[in-house]
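Structure, as structure tokens:
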Amino acid sequence: MTLHLFDSATRRITPLDPVVPGRVGIYHCGLTVQGPPHIGHIRKEVVFDVLRRWLERAGYEVRIIANVTDIDDKILAKGAETGEPWFAVAYRNERALHAAYEVLGCQPPTYEPRATGHVPEMIGMIAALIERGHAYPAEDGSGDVYFDVRSWPAYGELSNQSVNDMQAAPDAPLEGKRDPRDFALWKGHKEGEPESASWPTPWGRGRPGWHLECSAMAAKYLGPEFDIHGGGLDLRFPHHENELAQSRAAGQPFARIWMHNAMLNLGNAKMSKSVGNTLMVSEVVKRVPPIALRYYLVAAHYRSIIEFSEEALAEAATAFSRIEGFVRRAAELVGPCDDGKIPDAFAAAMDDDLSVPAALAVLQETVAEGNKLLGGGEPSGLATALGAVRAMLDVLGLDPLDPMWASSSTDTAVEDALAVLVQRLIDQRAEARGARDFATADRIRDQLAAAGVEVEDTPQGARWSLKEGER
RNA sequence: GGUGGGUUGGCCGAGAGGCGAGGCAACGGACUGCAAAUCCGUUUACACGGGUUCAAAUCCCGUACCCACCUCCA
């Protein structure tokens, strides 16, 4: 079976049929870097990271382009408000975004083009659209250039809307527009805006409109037609609709499949800066290990809304620790087993529109079987189970043994010293237990627990681990 | 006003006409010196009202509530 995805444009499950066999080109909308990323933003990132890992498992060569839109009204406003240069605001948030990718185990995209670095490509596209009669410089001399929605009969095809039924923008003065739905490809420079935020064009100085950067950069790095275009569901209209219209109007077939992830809600509303109900990635990973946060975000189907709750997050952390516990205990007995085979049922679930919940059921059943073998002491079966579990976890970016999860603050010298000291206490406890001096044995265990070290007895002797959680 | 999506057991979360996904929690049992971990077992479902069908959580009609988009948004 090949991967099938739900295409939001046709609202059908569609088989992936790459433009170039063996290669998949994906564009997904990164971030307009007006603030640091919250966990809703990173959900999108995790979804596309899983897609990428699954495609690479299947042997595809994957090229992922994710934009950084580093100029827009809000970035300029924020700079004006804090007195910082606008580009400093954008860059700071871009770095926070990269830190969030990394802490959640998302592989970086193949390339992350910035809007401000692609003005010539945008100018070329605007010129082509004017030439073809689908765009026009504003008639009020503002230097704006608009896309002419009425000149493109297919407008609305992505979000299944008709221009005539759309609610008119509440206050929007028509400015130089022919139709209120026309959107800015290019915005003329305004009084008071920094000179550094404008570029020369045949239509005067100005800066990019919101949607054009994605059309221009997708074409540059993926070609006029590519396989998958993704992003959050809230981008479907107007952002993706406008991208599609301008690219097609410029003569490019554009994306074959549109893939949109559902939102992450908090308090019955989409997590967003304007509502103020945001949870920053950097904050949440202080409460729960990053890998557990990733598990929480991955575990629901990508097209289902996640209603965020602390309880559900904590539950996800517990559920994941069961999986992680198996992996660690099994690896101690039979070695890493990092070349395992993915069970067919798991693959079938993933091929069916990335049905991670069904795939996780397979994973958890394999863990349960593996746990039975752990007790039974049958190394070859255990190795097979561990290999399968690690292979499945790797697809989801959740393999706890992957070096990417090694804490960056870990100092190996400190760790070695700790291991020696803990082992000494564990040896003393074993001695006490051997002498049936359980009072002493329990006192040692309590002392270790008080220091955050958990001890458990297994047929192979005591093993220890650091308690997770509050850090 | 227009366009979509949703409402499943104590909780999370799949499924989409027959056969009770899976996890968390709870309870009972096994193992253990006691624990922990693990295993075995048990319990509670498909918003409401109609309809179609031999059979509906799943299809149709209606009602209620929730979410998203049509304005910046992952």
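Numbers restart at 1 for each chain; the letters A, B, ... are given by sequence-line order, proteins then strands.
With hydrogens and angles ignored, no donor-acceptor pair closer than 3.5 Å exists between the side chain of A:Arg303 and the base of B:G5. The base of B:G23 is not paired with the side chain of A:Gln364 by any donor and acceptor separated by under 3.5 Å. At a cut-off of 3.5 angstrom, the base of B:C70 holds no donor-acceptor pair with the side chain of A:Asn160. In terms of polar N and O atoms assigned as donor or acceptor, the side chain of A:Asp442 comes within less than 3.5 Å of the base of B:G33 in a complementary pairing. Side-chain N/O atoms of A:Lys372 and base N/O atoms of B:C39 include no donor-acceptor pair closer than 3.5 Å. Below the 3.5 angstrom threshold, one finds a donor paired with an acceptor across the side chain of A:Glu315 and the base of B:G23.
A:Gly325 comes within 4.0 angstrom of no nucleic acid atom, judged by non-hydrogen atoms across all strands. Among the atoms of the strands shown, none is found under 4.0 Å from any heavy atom of A:Arg443. Here A:Phe438 lies in heavy-atom contact (under 4.0 Å) with a base. At a threshold of 4.0 angstrom between heavy atoms, the contacts of A:Gly30 are confined to the sugar-phosphate backbone, with no base atom among them. Looking at heavy-atom distances under 4.0 Å, A:Leu264 makes contact with a base. Counting any heavy atom pair closer than 4.0 Å across all strands shown, A:Val362 reaches no nucleic acid atom. Counting non-hydrogen atoms under 4.0 angstrom, A:Ala299 reaches nothing in the nucleic acid. Among the protein residues, A:Thr32 comes within range of the sugar-phosphate backbone only, with heavy atoms under 4.0 Å from sugar or phosphate atoms but none that close to a base. Note on A:Ala316: nothing from the nucleic acid sits closer than 4.0 angstrom, heavy atoms only. Within the nucleic acid shown, A:Glu365 comes within 4.0 Å of sugar-phosphate atoms alone, with no base atom in reach, counting heavy atoms only. Heavy atoms of A:His38 sit under 4.0 angstrom from at least one base atom. Looking at heavy-atom distances under 4.0 Å, A:Ile305 makes contact with sugar-phosphate atoms alone, never a base.
Across all strands shown, B:G9 remains unpaired; no Watson-Crick or G-U wobble contact has both distances below 3.5 Å. With a cut-off of 3.5 Å on both pairing distances, the Watson-Crick or G-U wobble partner of B:C27 is B:G41. Using the Watson-Crick or G-U wobble rule with both distances under 3.5 Å, B:C59 pairs with B:G51. Pairing for B:A68 goes to B:U3, judged as Watson-Crick or G-U wobble with the two contacts each under 3.5 Å. Across all strands shown, nothing is found opposite B:A16 as a Watson-Crick or G-U wobble partner with both distances under 3.5 Å.
For A:His301, the listed nucleotide lying nearest its side chain is B:A14; candidates were B:G2, B:A74, B:A14. When the nucleotides B:C34, B:A74, B:C69 are ranked by their closest atom to the side chain of A:Phe237, B:C69 comes out on top. Which of B:A25, B:A74, B:C72 sits closest to the side chain of A:Met271 comes down to B:A74. Closest to the A:Glu456 side chain, of the nucleotides B:A35, B:A25, B:A74, is B:A35.
Remark: the separation of the C1' atoms in B:A56 and B:G15 is 14 Å, to the nearest Å. Across the C1' atoms, B:C24 and B:G62 are found 37 Å apart, a figure rounded to whole Å. Rounded to whole Å, the C1' atom of B:U53 lies 29 Å from the corresponding atom of B:C65. Comparing B:G17 with B:U52, their C1' atoms are spaced 11 Å from each other, to the whole Å. Of the C1' atoms belonging to B:G13 and B:G49, the separation is 27 Å, rounded to the nearest Å. Atom name P, nucleotides B:C11 and B:C69: the rounded distance is 27 Å, in whole Å. Annotation: B:G20 and B:G41 have their P atoms spaced 15 Å apart (nearest Å). Taking atom C1' on both nucleotides, B:U38 is separated from B:C31 by 9 Å, rounded to a whole Å.
Between A:Phe308 and A:Tyr296, the ring center distance clears the sub-6.0 Å criterion.
For the pair A:Asn261 and B:A74, the criterion of a side-chain N or O lying under 4.0 Å from OP1 or OP2 is not met. Not one side-chain nitrogen or oxygen of A:Arg445 sits closer than 4.0 Å to the OP1 or OP2 atom of B:A35. The phosphate of B:C67 (OP1 or OP2) has no side-chain N or O of A:Asn265 nearer than 4.0 angstrom. A:Ser304 has a side-chain polar atom (N or O) that falls below the 4.0 Å cut-off from OP1 or OP2 of B:A14.
The nearest whole Å value for the distance from the CG atom in A:Leu313 to the C1' atom in B:C24 is 13 Å. Rounded to a whole Å, the CZ atom of A:Phe308 is 12 Å from the P atom of B:G13.
Put simply, the side chain of A:Asn277 gets close to the backbone of A:Ser272: a donor and an acceptor are under 3.5 Å apart. Between the side chain of A:Asp437 and the main chain of A:Thr440, a donor-acceptor pair closer than 3.5 Å is present.
Taking 4.0 Å as the cut-off between side-chain N and carboxylate O, A:Arg328 and A:Glu324 count as a salt-bridged pair.
Nearest-nucleotide assignment on RNA chain B puts the 5′-proximal partner with A:Phe6, out of A:Phe6 and A:Lys74. Checking A:Asn371 against A:Ser162, the closest nucleotide of RNA chain B that is more toward the 5' end is the one next to A:Ser162.
In this pair, A:Tyr155 and A:Phe237 present their aromatic rings perpendicular. The plane angle is above 60°, beyond the 30 to 60° band. Using cut-offs of 30° and 60° on the angle between ring planes, the pair A:Phe346 and A:Trp54 is perpendicular.
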Apply salt bridge (charged side-chain N to carboxylate O under 4.0 Å, His left out) to the pair A:Glu157 and A:Arg248, showing each step before the final yes or no. CA-CA 11 Å; A:Glu157 60 182 321; A:Arg248 289 219 167 140; 3.2 Å; yes

Mind running salt bridge (charged side-chain N to carboxylate O under 4.0 Å, His left out) on A:Asp442 and A:Arg445 for me, showing each step along the way? CA-CA 5 Å; A:Asp442 289 349; A:Arg445 187 169 62 193; 3.6 Å; yes

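With respect to A:His239, the ring-ring contact (aromatic ring centres under 6.0 Å, His included) criterion is satisfied by exactly one of A:His260, A:His229, A:His211: A:His211.
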